[in-house]
Structures are given as structure tokens and as C-alpha cells.
Amino acid sequence: MVKKWCTKPTKIANPFDILISVRVPVGDVNINNIKSCIGRGLGAIRQIAKSHFKYIFYILQVYQNELKKFSQGSTFEAINSLDLKALKIVVPPLQEQQKKASILSSVDEQIEITDNLIEKTKELKKGLMQKLLTKGIGHERFKDTEIGRIPEDWE
């Protein structure tokens, strides 16, 4: 007899569902971008008719510490669906949610641009340090050593 080891997925997350970590680290959130099967460590929060997914995403980030207070467990911390369902959040009119989400998205975009600029600047510094500390400034004559080529007048 052949046993079927693959089963039908039981938890599906749709695009724009908010994925929330319900196991360590409890409370981390992200926005789902494709229909997908999720495991036990994730919960999917689906927007209701009068809510905007990005607003829910940002409000859950605010409540992250609150969610961590519910976490329990000796092997690893986790929260359950009842804890998630018990969480009370303020839901202003849809237009206000969209406006708040738009403002926060703009700030996130600027943070990402700044982070990328910082990373590129770090790479530039690393390359500059490599050149300055091994080739020096204005040297034209070099010698081979056991650690590589260095300016001729260096020891």
C-alpha cells in the first residue's frame, strides 16, 4: 500500500494579508505579496471591508510589544489565535487610514533610501581604507613584500 505523505494546506495567506509571527520572535509583521501556504509560526490577518491593509500593518507594529506580553512557553515563546483576536485596535474611517498609511509608507521609503546610501557609503569607505592603508597617497614607486605591494619607502 502506498501512503500519501503530502496533505492539503490548512492555512492560506492571500496577497495583502498581514503576516504576523506568532512564535519567536512574537509580533514581527510583514505584508504578504502572493497567495501562499503558511506554517504554524505565522498567522495571517485579513483586512475587513472598512480597513486598509497598510494601516493594519502599521498599527500592528505599534502593538508589537503588547503582543509580546501575551507570549508564553518554556521551549519557545508563542501566542495563540485567541490572543490575536483579543487585541483591540482603533479603526478610524477608511480615508483617514489610507492617509496615515500613505504618510508612514513615505517615511519607510525614505528610510530605505537612507539605509541604501549608508550601505554604499560603508562600501566606499572600505575600498578607500584598503587603498589608503596599502598604497598610501601620492606614491609612485612600490616594492613587493610578504604582505603584498607597498610604497617603496614604507617598512
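Because the structure is predicted, anything quoted here is derived from the model rather than measured.
No more than 12 heavy-atom neighbours from other residues, nucleotides or ligands sit within 6.0 angstrom of CD on Glu112. In the displayed structure, Leu128 atom CG is contacted under 6.0 Å by more than 12 heavy atoms of other residues, nucleotides or ligands. Surrounding NZ of Lys131 are at most 12 heavy atoms belonging to other residues, nucleotides or ligands under 6.0 Å away. The local environment of CD1 in Ile147 is sparse, with at most 12 non-hydrogen atoms from other residues, nucleotides or ligands closer than 6.0 Å.
Counting heavy atoms from C-beta on, the side chains of Phe16 and Asn32 never come closer than 4.5 Å. Considering only heavy atoms from C-beta on, Phe142 stays 4.5 Å or farther from Ile150 through its side chain. Using a 4.5 Å heavy-atom cutoff, the side chains of Ile118 and Asn116 are not in contact. The closest side-chain heavy-atom distance from Asn14 to Lys35 is below 4.5 Å. With contacts defined as side-chain heavy-atom distances shorter than 4.5 Å, the pair Pro151/Lys135 does not qualify. Under the 4.5 Å side-chain criterion, counting only non-hydrogen atoms from C-beta, Tyr63 is not in contact with Ile20. Side-chain contact check for Glu119 versus Asp115: every heavy-atom pair is 4.5 Å or farther apart. Side-chain atoms of Ile79 and Leu84, non-hydrogen and from C-beta on, do get closer than 4.5 Å to each other.
Sorted by first then second residue, the salt bridge (charged side-chain N to carboxylate O under 4.0 Å, His left out) pairs that include residues 84-105, not counting sequence neighbours, are Glu96-Lys100.
How far OG of Ser21 is from CG of Leu67: 10.0 Å, rounded to the nearest 0.5 Å. Interatomic distance, Leu124 CG to Leu117 CG, rounded to the nearest 0.5 Å: 10.5 Å. To the nearest 0.5 angstrom, Leu60 atom CG is 7.0 Å from Ile18 atom CD1. Distance check: Thr145 OG1 to Trp154 CH2 gives 10.5 Å after rounding to the nearest 0.5 Å. The CD atom of Gln47 sits 12.0 Å away from the CD1 atom of Ile45 when rounded to the nearest 0.5 Å. Distance check, rounded to the nearest 0.5 Å: SG of Cys37 to CD1 of Ile12 gives 5.0 Å.
Listed by chain and number, the residues in a salt bridge (charged side-chain N to carboxylate O under 4.0 Å, His left out) with Glu77 amount to none (sequence neighbours excluded).
Of the candidates Val29, Ile56, Leu104, Gln61 forms a side chain to side chain contact (heavy atoms under 4.5 Å, CB included) with just one, namely Val29.
Phe76 and Val26 sit in two unconnected hydrophobic clusters of ILVMFWY residues. Membership requires side-chain heavy atoms under 4.5 Å apart, directly or through other members. By the criterion of side-chain heavy atoms lying less than 4.5 angstrom apart, applied directly or through intervening Ile, Leu, Val, Met, Phe, Trp or Tyr residues, Phe53 is grouped together with Leu87 in one hydrophobic cluster.
With hydrogens and angles ignored, the 3.5 Å screen pairs no side-chain donor or acceptor of Ser102 with any backbone N or O of Gln98. Between the side chain of Lys54 and the backbone N or O of Ser105, no donor-acceptor pair lies under 3.5 Å. His139 contributes no side-chain N or O that, together with a main-chain N or O of Arg141, makes up a donor-acceptor pair within less than 3.5 Å.
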Residues Asp28, Leu19; criterion side-chain contact (heavy atoms from CB on, under 4.5 Å); working and verdict:
CA-CA 8 Å; Asp28 285 358; Leu19 300 178; over 6 Å; no

side-chain contact (heavy atoms from CB on, under 4.5 Å) between Asp17 and Ile38, worked out
CA-CA 11 Å; Asp17 282 354; Ile38 58 174; over 6 Å; no

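Closest of all the heavy-atom pairs between Arg23 and Ala78 is CG-CB, 4.0 Å. Residues Asn30 and Phe57 approach most closely at CA-CE1, 3.7 Å, considering heavy atoms. Minimum interatomic distance between Val91 and Gln97 (heavy atoms only, all atoms of both residues): CG1-NE2, 3.3 Å.
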